[in-house]
Amino acid sequence: MYDDSSLPPADEVQTRFGIDRRDFLTFCAGIAATLGLPRAAEAQIASAIVSKERPSVIWLHHQECTGCTESLLRSEHPTLDKLILDIISLDYHETLFAAAGHQVEAARLAAMEKNKGKYLLVVEGAIPTKDGGIYCKIAGQTSLDLTRECAANAAAVLAIGSCASWGGMPSTPPNPTGSTGVGEALGRSDVVSIPGCPPNPYNFLATVVHFLTFGKLPDLDAKNRPLFAYGRLIHENCERRAHFDAGRFALEFGDEGHRKGYCLYKLGCKGPETHANCPIVLFGDVGMQSWPVGTGHPCIGCTEQGIGFAKPIYALADLKNQRPPVTYARAVEEQGGGATAASAGLVGALVGAAVGAGAMLTKKIRHDEDGQE
Ligand code: FSX
Ligand code: SF4
Ligand code: F3S
């Protein structure tokens with residue numbers, strides 16, 4: 001039985017966030033589900049967001065496209081974009097701040113002094129290290145020096161996006177500026193990485209909310225990525241997986257197999273060697289949620305160092321736990337092929353429906369509670 005006695009009252013939520021309690025709790029349920037926590041955590045998260053002081057965040061930009069910030073703040077989802085700036089206190093952000101020059105640098109120093117040892121440092125973009133780091137400067141300081149200065153008294157350092165995690169796109173060969181990730185540039189092994197180009201905004205938010213609610217960062221894998229988001233291969237949760245297992249592949253963009261939604265492995269999909277929760281959490285807004293493979297594009301492995309921006313699209317993924325058949329029939333040869341083709345398609349549809357159902361779970365829970373569905 002779900003006990004909602006500890007949930008914040010509706011008027012408090014409305015006053016604090018300007019949204020109704022139902023939307024707020026749906027958001028909390030989504031964060032709890034993203035973190036892989038049980039229903040009971042929803043109340044704990046809701047109460048922490050409402051009652052605890054917003055963590056101060058210093059956000060730096062280096063070599064990147066600003067896609068991480070864009071994906072976080074350009075959401076049309078009414079709850080997400082409203083809540084981000086109510087959950088964190090964004091005390092320095094070079095792209096979003098209206099102020100500029102000495103004024104904004106003074107704000108950064110003041111926020112760092114006031115929240116010494118308590119603020120989160122979020123770094124977006126790779127850091128150039130060649131020639132003393134002169135290839136990216138902010139307010140006269142190199143990215144390297146600025147990051148060192150800001151990291152010194154941070155409670156935790158988060159690398160958002162693949163550029164900040166290991167160098168990402170700017171570090172592709174010949175890497176003329178010696179770009180690298182934050183952990184390597186600082187010589188620190190405790191920098192939390194949230195890779196993706198861009199990363200899913202929910203993975204960043206869930207990490208921050210975990211810190212806010214439980215006073216610590218979530219469990220990490222060997223590459224310092226939160227396990228809740230990067231603990232599984234994409235291939236394990238892909239809606240096209242049944243087609244892979246049945247040896248049904250798109251062989252060219254636009255061919256019949258591609259149009260039928262078959263597996264994209266032969267088109268270079270790196271899902272079998274890429275860890276991320278893209279097929280579960282999805283991207284975009286309600287009603288339009290999808291992910292690269294869902295739209296018919298092979299995963300390029302953007303969350304995986306050594307795969308994204310490193311392994312060409314024509315190279316087949318290394319299979320960690322499965323081997324497909326040696327030969328592949330073209331979809332056109334299977335027309336009228338009868339039960340096998342039809343049943344494989346059906347299984348694919350069912351798996352896709354099951355994954356979709358999982359992603360929609362939190363929304364349905366809310367409906368069920370209200371007796372509307
Ligand atoms: Fe861009 Fe972020 Fe890619 Fe990098 O995301 S979306 S190039 S990971 O640092 O802005
Ligand atoms: Fe999905 Fe790619 Fe795996 Fe095929 S190879 S099942 S498209 S993740
Ligand atoms: Fe990136 Fe592949 Fe997900 S390209 S967004 S890891 S599906």
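Only this structure's heavy atoms are used, side chains among them; waters, hydrogens and symmetry mates stay out. Heads up: numbering here begins at 1 and tracks the sequence.
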Inset, instruction - Give a yes or no on this: more than 12 heavy atoms of other residues, nucleotides or ligands lie within 6.0 Å of atom NZ of Lys52. - result: yes
Inset, instruction - Check Leu212 against Ala48 and note the closest heavy-atom contact, atom names and distance. - result: CD2-O, 4.1 Å
Inset, instruction - Nearest 0.5 Å please: distance from the SG atom of Cys150 over to the CG atom of Leu121. - result: 5.5 Å
Inset, instruction - Kindly give the heavy-atom pair with the smallest separation between Trp166 and Gly308, and that separation in Å. - result: CZ2-O, 4.1 Å
Legend entry - Flag, side chain of Asn200 to backbone of Leu282, donor-acceptor distance under 3.5 Å: yes
Inset, instruction - Supply the atom-to-atom distance Ile31 CD1 to Ile49 CD1, rounded to the nearest 0.5 angstrom. - result: 7.0 Å
Legend entry - Cluster overlap Val208 with Ile194, hydrophobic side-chain contacts below 4.5 Å: yes
Inset, instruction - Return the minimal non-hydrogen interatomic distance between Cys197 and Ser162, and the atom names on each side. - result: N-OG, 4.0 Å
Legend entry - Set of ring pair (Phe, Tyr, Trp, His ring centres under 6.0 Å) partners for His258, sequence neighbours left out: Phe253
Legend entry - Non-hydrogen side-chain atoms of Val122 and Ile58 separated by less than 4.5 Å: no
Legend entry - side-chain contact (heavy atoms from CB on, under 4.5 Å) evaluation trace for Lys216 with His210: CA-CA 7 Å; Lys216 60 177 187 172; His210 190 286; 4.2 Å; yes
Legend entry - Side-chain donor-acceptor pair present, Thr69, Glu124, cut-off under 3.5 Å: yes
Legend entry - Min side-chain heavy-atom separation Arg241-Asp245 under 4.5 Å: yes
Inset, instruction - Please check if Leu217 and Val209 belong to a single hydrophobic cluster, counting links between Ile, Leu, Val, Met, Phe, Trp and Tyr side chain heavy atoms closer than 4.5 Å. - result: yes
Inset, instruction - Give a yes or no on whether the backbone of Lys118 and the side-chain of Asn115 come within a donor-acceptor separation of less than 3.5 Å. - result: no
Legend entry - Donor-acceptor pair, side chain of Glu236 and main chain of Leu233, under 3.5 angstrom: yes
Inset, instruction - Using the test ring pair (Phe, Tyr, Trp, His ring centres under 6.0 Å), find all partners of His275 that sit at least two apart in sequence or belong to another chain. - result: none
Inset, instruction - Assign the ring pair Phe244 / His235 to parallel, tilted or perpendicular, where the plane angle (0 to 90°) is split at 30° and 60°. - result: perpendicular
Inset, instruction - Measure across Gly183 and Val191 and return the closest heavy-atom pair with its distance rounded to 0.1 Å. - result: CA-CG2, 3.8 Å
Legend entry - Heavy-atom closest pair, residues Ala250 and Gly257: CB-C, 3.9 Å
Inset, instruction - Would you mind reporting whether Trp59 and Leu96 have side-chain heavy atoms less than 4.5 Å apart? - result: no
Legend entry - Aromatic centroids of His93 and Phe97 separated by under 6.0 Å: no
Legend entry - ILVMFWY network linking Leu220 to Val157, side-chain heavy atoms under 4.5 angstrom: no
Inset, instruction - Give a yes or no on whether a salt bridge exists between Arg108 and Glu149, defined as a side-chain N under 4.0 angstrom from a carboxylate O. - result: yes
Inset, instruction - Decide whether Leu35 and Leu72 are clustered together by the hydrophobic rule: side chain heavy atoms of Ile, Leu, Val, Met, Phe, Trp, Tyr closer than 4.5 Å, transitively. - result: yes
Inset, instruction - Begin with the C-alpha distance, continue with both residues' side-chain angles, and end with the deciding distance and a verdict on side-chain contact (heavy atoms from CB on, under 4.5 Å) for Thr295 and Phe283. - result: CA-CA 11 Å; Thr295 65; Phe283 294 80; over 6 Å; no
Legend entry - More than 12 heavy atoms from other groups under 6.0 Å of CZ on Arg54: yes
Legend entry - Distance-only polar pair, side chains of Asn224 and Ser193, donor-acceptor under 3.5 Å: no
Inset, instruction - Please report the shortest heavy-atom distance between Gly67 and Pro198, naming the atom on each side. - result: O-CB, 3.6 Å
Inset, instruction - Identify whether Phe211 and Phe27 are in the same connected component of the hydrophobic contact network (ILVMFWY, side-chain heavy atoms under 4.5 Å). - result: yes
Inset, instruction - Take atom CG of Asp219 as the centre, draw a 6.0 Å sphere, and report whether it contains more than 12 heavy atoms from other residues, nucleotides or ligands. - result: no
Inset, instruction - May I ask you to say whether Glu304 pairs ionically with Lys311, meaning some side-chain N is under 4.0 Å from a carboxylate O? - result: no
Legend entry - side-chain contact (heavy atoms from CB on, under 4.5 Å) between Val293 and Cys269, worked out: CA-CA 8 Å; Val293 170; Cys269 179; 4.1 Å; yes
Legend entry - Sidechain N-carboxylate O distance under 4.0 Å for Asp255, Arg259: no
Inset, instruction - List the steps and the verdict of side chain to side chain donor-acceptor pair (under 3.5 Å) for Thr147 and His62. - result: CA-CA 10 Å; Thr147 309; His62 303 306; 2.9 Å; yes
Legend entry - Side-chain donor or acceptor of Asp131 paired with backbone N/O of Ile134 under 3.5 Å: no
Inset, instruction - Indicate yes or no: at least one non-hydrogen side-chain atom of Thr34 is less than 4.5 angstrom from one of Phe228. - result: yes
Inset, instruction - Mind checking the OG-CD spacing from Ser47 to Glu42? Nearest 0.5 Å is all I need. - result: 12.0 Å
Inset, instruction - Kindly compute the distance separating CZ (Phe309) from OG1 (Thr172), expressed to the nearest 0.5 Å. - result: 8.5 Å
Legend entry - Flag, side chain of Thr129 to backbone of Ser179, donor-acceptor distance under 3.5 Å: no
Inset, instruction - Decide yes or no for Pro218 and Thr207: does some side-chain heavy atom of the first lie under 4.5 Å from some side-chain heavy atom of the second? - result: yes
Legend entry - Heavy-atom check, side chain of Leu264 versus side chain of Arg240, under 4.5 Å: yes
Inset, instruction - Could you grab the distance from atom SG of Cys68 to atom NE2 of His61, nearest 0.5 Å is fine? - result: 8.5 Å
Inset, instruction - Answer whether the closest heavy-atom distance between the side chains of Ser143 and Pro128 falls below 4.5 Å. - result: yes
Legend entry - Whether Lys270 side chain and Ala315 backbone form a donor-acceptor pair below 3.5 Å: yes
Legend entry - Short side-chain donor-acceptor distance under 3.5 Å, Glu184 and Thr180: yes
Legend entry - Partner set under ring pair (Phe, Tyr, Trp, His ring centres under 6.0 Å) for Tyr230, not counting sequence neighbours: none
Legend entry - Arg188 with Asp190: basic N within carboxylate O range, under 4.0 Å: yes
Legend entry - 4.5 Å side-chain heavy-atom contact, Phe204 and Leu158: yes
Legend entry - Approximate separation, where rounding is to 0.5 Å, of Thr177 OG1 and Gln63 CD: 4.0 Å
Legend entry - Audit row: Asn153, Met112, side-chain contact (heavy atoms from CB on, under 4.5 Å) steps and yes/no: CA-CA 8 Å; Asn153 291 311; Met112 281 165 46; over 6 Å; no
Legend entry - Distance-only side-chain donor-acceptor flag, Asn277 / Asn203, under 3.5 Å: yes
